[in-house]
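Lettering of chains follows the sequences in order, A, B, ..., and the numbering in each one begins at 1. Because only heavy atoms are used, hydrogens play no part in the values below, and waters and symmetry mates are left out as well, while side chains stay in.
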There are 2 protein chains.
Amino acid sequence: MTGSDSRPPTLEQVANYAGVSRATVSRVINGVQTVDPELRRTVERAIAATGYVPNLAARSLVTRRTDSIALVVSEPENRGYETPFLTRMFTDPYLGRVTAGAQEVLRPLGIHLVIFLADPPARPHLLRYLRQGHVDGALLISSHVDDPLPAQLVDLGVPVVLSCRPGQPVNASFVDVDQRAGVRMAVDRLAARGRRCLATITGPLDMPAAQDRLSGFEEAVAANGLPKGVHVEGDFTRGGGERAARRLLEEYPQVDGVFVANDLMADGAQRVFQEAGRRIPDDVAVIGFDDSTAALECHPPLSTVRQPVEEMAGEMAHLLLTRIREPGRSPRSVIFNPELVLRASA
Amino acid sequence: MTGSDSRPPTLEQVANYAGVSRATVSRVINGVQTVDPELRRTVERAIAATGYVPNLAARSLVTRRTDSIALVVSEPENRGYETPFLTRMFTDPYLGRVTAGAQEVLRPLGIHLVIFLADPPARPHLLRYLRQGHVDGALLISSHVDDPLPAQLVDLGVPVVLSCRPGQPVNASFVDVDQRAGVRMAVDRLAARGRRCLATITGPLDMPAAQDRLSGFEEAVAANGLPKGVHVEGDFTRGGGERAARRLLEEYPQVDGVFVANDLMADGAQRVFQEAGRRIPDDVAVIGFDDSTAALECHPPLSTVRQPVEEMAGEMAHLLLTRIREPGRSPRSVIFNPELVLRASA
DNA sequence: CTGAAAGCGCTAACAT
DNA sequence: ATGTTAGCGCTTTCAG
């Protein structure tokens, strides 16, 4: 018969089975080196025979570790985006890349990664979850300027690392890409191809990343000696990119080059430009940001500013691990360099 | 100063502070009714004053519950999909709907939901995670016929509920939509609009859901007295839909109606049909499956078979909770009715 | 190198 | 209605 015998085997049972003390079994399990090889083998057999698995609660009651960390995706409030939070999260390839990058460093260390989605109603839950000690720390993807979560977690003493420059200064490490440098590459490229009427479709301007990309755009346009560009605000979704592109075409029909603050919106925008009869890149050149999978699915394939998201997530994981191990150490931020990836759209 | 004082307050400290016994504090925390209201207030003040939060490890060591459950998304092996697992998961709105539906029933109960993505390398981790008792049970999204995970979890005694009919029979509850009935509605509609040359773009045929939709299609075509339809296999992604549509156009240029096994592929397919100069729905009528957000973002908006995914996920949560509470009870499956949603594409 | 024993923080009988 | 007490299963000194 399979299934749950009344209760899983305990350390004690394994010890009895092997004819040793609990301490010895514990040592074997935890890979302590000072155990007689002979005994170790006996114990290992006993473990296999009983199908023993350590009880997390008991263990972490004493070690105060759970060997798992949370990837928390936060959204401070519902500001009437067209697309609800969860749909957005599960529609943007970005999160998948973050997960992959973090897994890569955590997995070899035997540390579990779980994902926690924290829209406003989930907020109290998240706080409880973290304080109760389900995990040892959190990678926090928080993209809004006024998200109180980063500060709250820091105040709570939860080890945390942020995915980008926080809106308000917070005493925590973060990882980011050099946004302005990335945008600069995009605009320089547009200019080099002879585009003079530039515009940008931004992300939600209550996100630091969106702000950085917009101001980077304006700087770069000026640096190229071009007329001040136009901007319309989007929401980082494909649909939002379409809406923004329509507005852009109305407000600034002579546009011939556009920097779109992420690939998903660029995809939507390209569709709209084409439906309006503009050829890409001949009539309008388009450059996105992220180099996500969406960039390849675009028609035509999208030139874009590559963010090394996986690497960045891996670095977040490292920073978090050292923060957990050495709570005293002061926070650091790591900035990555972007890269321009040229395809057909510009 | 904020941050982690050496250690968080314990029950004992709260009890001392309030001048009562640990048991009383415990009762207040757990909402036991038989506590003098006066005392209760004293205790509550003490809790607030000390900033006490129960220690999960200690509690679940004795209760054997964690009040959290995992949403596990499983992929048995990498069968050379174009798109990697994590990207697929974070690109398809389906998962967001599942999460939302499950949250809705779990949240009021104070139960946490964490997401665990289990591609092949993560598999051993998942097993450990579950056996260690990080969670009380799992909602398992497993869509491949030969995924061993459902059976493994059942054998391990982990309470589990499946998101659709398992490939091999497994002693666990599951929730599904009546796939054939849904496809039937779609095909009937196509036939009613006078389409005679039908085709379908399927999901990966190693998924039960894809199989059901294909055989449902064939049955429905026959039932409508139409010539045997054509099918090409897709992979449930937007890009896969495009590739499949291209093949379809080559193999069966006279096609005038197509049932696409999910909305994401339908979106891709529509793009390809249009690029090939076919008008939708006049030259080719298209019906998708899911009624996900992608259906609304399509051009033209997609007629589709609606699956009540949120409700289904809620039901999964209920089934899991009763399975956790009454491990003895025998599994049940709940089948939901689909619904045809008519928009512009057919 | 191994065993004995204490204790992590909490809940749940049991006694009062 | 409240307090006392005995563990839950594990790690970790401390002896030996």
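No hydrogens or angles considered: a donor-acceptor pair under 3.5 Å links the side chains of B:Thr24 and B:Ser21.
Taking side-chain N and O atoms only, B:Arg7 has a distance below 4.0 Å to OP1 or OP2 of C:dG9. Side-chain nitrogen and oxygen atoms of B:Thr24 include none within less than 4.0 Å of the OP1 or OP2 phosphate oxygen of D:dT2. Side-chain N/O atoms of A:Ser26 include one lying less than 4.0 angstrom from OP1 or OP2 on D:dT11. For D:dC8, the OP1/OP2 oxygens have no side-chain nitrogen or oxygen of A:Asn55 closer than 4.0 Å. Within the 4.0 Å cut-off from OP1 or OP2 of D:dG9, not a single side-chain nitrogen or oxygen of A:Thr10 is found. For C:dG9, neither phosphate oxygen OP1 nor OP2 lies less than 4.0 angstrom from any side-chain nitrogen or oxygen of B:Arg59.
Spacing between atom CG of A:Leu56 and atom P of D:dC8 amounts to 18 Å, rounded to whole angstrom units. Between A:Glu38 atom CD and C:dC1 atom C1' the separation is 14 Å, expressed in whole Å. Counting to the nearest Å, the C1' atom of C:dC10 and the CG atom of B:Asn30 are 9 Å from each other. Remark: P of C:dA5 and CD of A:Glu12 are 13 Å apart, rounded to the nearest angstrom. Taking atom CZ on B:Arg65 and atom P on C:dC10, their separation rounds to 15 Å, with Å as the unit. Regarding A:Gln13, its CD atom lies at a distance of 11 Å from the P atom of D:dC8, rounded to whole Å. The CG atom of A:Leu11 sits 6 Å away from the C1' atom of D:dC10 (whole-angstrom rounding). Put simply, CG on A:Leu61 is 9 Å from P on C:dC10, counting in whole angstrom units.
Nearest-nucleotide positions on DNA chain D place B:Gly19 closer to the 5' end than the other of B:Ala58 and B:Gly19. Residues A:Gln33 and A:Arg64 each lie close to DNA chain C; by heavy-atom proximity, the contact nearer the 5' end of the strand is made by A:Gln33.
At a threshold of 4.5 Å between non-hydrogen side-chain atoms, the residues A:Val53 and A:Ile47 do not count as touching. Looking at heavy atoms from C-beta onward, A:Val334 lies out of side-chain contact with A:Phe174 at the 4.5 angstrom threshold. Looking at heavy atoms from C-beta onward, A:Arg123 lies in side-chain contact with A:Pro148 at the 4.5 angstrom threshold.
Checked by distance alone, B:Arg22 brings a side-chain donor or acceptor within 3.5 Å of a matching partner on the base of C:dT11. One N or O donor and one acceptor, one from the side chain of A:Arg27 and one from the base of C:dG3, sit under 3.5 Å apart.
Taking every side-chain heavy atom of A:Val35 into account, C:dT2 is the closest of C:dT2, D:dC10, D:dG7. Among D:dG3, C:dG3, D:dT11, the nucleotide with an atom closest to any side-chain atom of B:Ser21 is D:dG3.
By the 6.0 Å contact criterion, CD on B:Glu104 is open, its count of non-hydrogen atoms from other residues, nucleotides or ligands being 12 or less.
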